[in-house]
Amino acid sequence: MEQAVRDGIIDRNPARVTGWQREYQRAEDELDDPRSLALPDWETLSKLAAALVERSADRYAGWGDVVIFAACTAARIGEVSGVRVGDIDRKAWTWTVRRQTTPSPGGAVDKGTKGKRARVVPLIVEVRDLVARRLDALGSNPSARLFTGPRGGRITTAVLRDATHWDDEVTRLGYEHLRRHDLRHTGLTWMADAGVPVHVLRKIAGHGSLTTTQRYLHPDMRSISEAGAALSAHLAVRRSPDGPRLRAV
């Protein structure tokens, strides 16, 4: 659980807080069905981002940018905090994920991504204006951070939570149990539903195991019906005398 806190998956060790049973169940749900933790659509994501900005001190627009960018890239908040100007390819509209910001005893620090592997993530049309605006404001310094807090500090999942009154706002919007890490689940679920092949989705997510990625796949009812029809057609084909046949035991 302490490792999960350091990786930004959870904000605090559930064994050390009241209501740990519910937190433990959330962790189990994340392992079994991460799709259930995702936001349903773009409208909901936009509404969430706007509400968090409105609730923050001085209505800092950067919080909304972080939320939208995280969901559209299926990234961890720490990885969003680690984005530098030099990581963005404006011609190909891709982001090379190289680092993440994590809490430490001396304050937030940058380190390599989980698994120590860089990966390339597409920047979809919906976030390009947001990214371009920030790149233009920062100039040509490749080490400049694309996302910071209102005073230029590093962002962590806890900072985002406290600065935006996250818990209050998601409850008000009807998503009481939504966490910052669920933005990543949202992006991966949307990509899976859009038909991104599982091997590509795995690379975007940076998963070490294909089994982890497969949890985001969800066959729709049409696919299920087509599978049944295919089986019926297969069974209806007249068998060759030399083909497989049942044998009494």
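Here the options are N141, T96, D110, the test is side chain to side chain donor-acceptor pair (under 3.5 Å), and the partner is R84; only D110 passes. Between T101 and the choices K111, E79, R76, R145, the side-chain contact (heavy atoms from CB on, under 4.5 Å) rule is met once, by R145.
Nearest heavy atom pair, residue P34 against residue T189, reads O-OG1, 4.4 Å. The heavy-atom pair separating T148 from Y60 by the smallest distance is O-OH, 2.8 Å. When all heavy atoms of G149 and W63 are compared, the pair lying nearest together is CA-CH2, 4.0 Å. Of all non-hydrogen atoms in Q100 and G112, the two that sit nearest each other are NE2-O, 3.4 Å. Minimum heavy-atom separation, V121 to I204: CG2-O, 3.9 Å. For the pair G62 and R134, the tightest heavy-atom approach, listed with the atom from each and the gap, is CA-NH2, 3.3 Å.
Two residues are said to be in side-chain contact when any heavy atoms from C-beta on lie closer than 4.5 Å; V67 and L45 meet this criterion. Using a 4.5 Å heavy-atom threshold, the side chains of D87 and V97 count as separate. In this structure, W93 and V125 have side chains that are not in contact, with every pair of non-hydrogen atoms separated by 4.5 Å or more. The closest side-chain heavy-atom distance from S56 to W166 is not below 4.5 Å.
Follow the hydrophobic side-chain contacts under 4.5 Å out from Y216 and you reach V200 in the same cluster. A single hydrophobic cluster is not seen to contain both V120 and I124; linkage of ILVMFWY side chains at heavy-atom distances under 4.5 Å, directly or through other members, places them apart. Linking Ile, Leu, Val, Met, Phe, Trp and Tyr whenever their side-chain heavy atoms come within less than 4.5 Å leaves V66 and V53 in two separate clusters.
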Note to self: Determine whether L123 and T94 satisfy the following criterion, side chain to side chain contact (heavy atoms under 4.5 Å, CB included), listing intermediate values before the conclusion.
What the structure shows: CA-CA 5 Å; L123 298 176; T94 57; 5.6 Å; no
Notebook entry, point to check: What's the verdict on side chain to side chain contact (heavy atoms under 4.5 Å, CB included) for D167 and R161, showing C-alpha distance, side-chain angles and the deciding distance?
Noted result: CA-CA 7 Å; D167 295 337; R161 178 196 65 212; 4.0 Å; yes
Note to self: Under the criterion side chain to side chain contact (heavy atoms under 4.5 Å, CB included), I'd like the reasoning laid out for H165 against L52: C-alpha separation, chi angles, the key distance, then a yes or no.
What the structure shows: CA-CA 7 Å; H165 300 271; L52 295 173; over 6 Å; no
Next item on the list: For T164 and R55, run side chain to side chain contact (heavy atoms under 4.5 Å, CB included): C-alpha distance rounded to whole Å, both residues' side-chain angles, the deciding distance at 0.1 Å, then the answer.
Entry: CA-CA 6 Å; T164 61; R55 187 66 190 276; 5.7 Å; no
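Between the OG atom in S36 and the NE2 atom in H185 there is a gap of 8.5 Å [rounded to 0.5 Å]. Summarising the geometry, atom CZ belonging to R202 is positioned 13.5 Å from atom CG belonging to L188; distances are rounded to the nearest 0.5 Å. Taking CG from L178 and CG from L183, the interatomic distance works out to 6.5 Å, rounded to the nearest 0.5 Å. Once rounded to the nearest 0.5 Å, the distance linking NZ of K47 with CG of L173 reads 7.0 Å. Rounding to the nearest 0.5 angstrom, the gap separating the CG atom in L130 from the CG atom in L146 is 8.0 Å. Interatomic distance, CD1 of I77 versus NE2 of H181, reported as 9.5 Å (0.5 Å rounding).
In terms of modelled atom types and a separation under 3.5 Å, the side chain of R154 and the main chain of A108 share a donor-acceptor contact. Between the side chain of S81 and the backbone N or O of I155, at least one donor-acceptor pair lies under 3.5 Å. With hydrogens and angles disregarded, a donor-acceptor distance shorter than 3.5 Å links the side chain of R184 to the backbone of A205. In terms of modelled atom types and a separation under 3.5 Å, the side chain of S46 and the main chain of W42 share a donor-acceptor contact. Side-chain atoms of T212 never come within 3.5 Å of backbone atoms of G208 as a donor-acceptor pair (strictly under, hydrogens ignored). For the pair T113 (side chain) and R117 (backbone), a donor-acceptor distance under 3.5 Å is present.
Annotation for D136: atom CG counts as buried by contact number, over 12 foreign heavy atoms lying within 6.0 Å. More than 12 heavy atoms of other residues, nucleotides or ligands sit less than 6.0 Å from atom CZ of R90.
Ion pairing between a basic and an acidic side chain is recognised when a charged N comes within 4.0 Å of a carboxylate O; D33 and R215 show no such pairing. Ionic pairing of D182 and R179 is present here: one or more N-O contacts between side-chain nitrogen and carboxylate oxygen are shorter than 4.0 angstrom.
For the 3.5 Å distance criterion, the side chains of T186 and W190 fail to qualify, holding no donor opposite an acceptor. D41 and T44 are linked by a side-chain donor-acceptor pair at a separation below 3.5 angstrom, with hydrogens and angles left out of the test.
For F69 and W95, the gap between ring centers is short of 6.0 Å.
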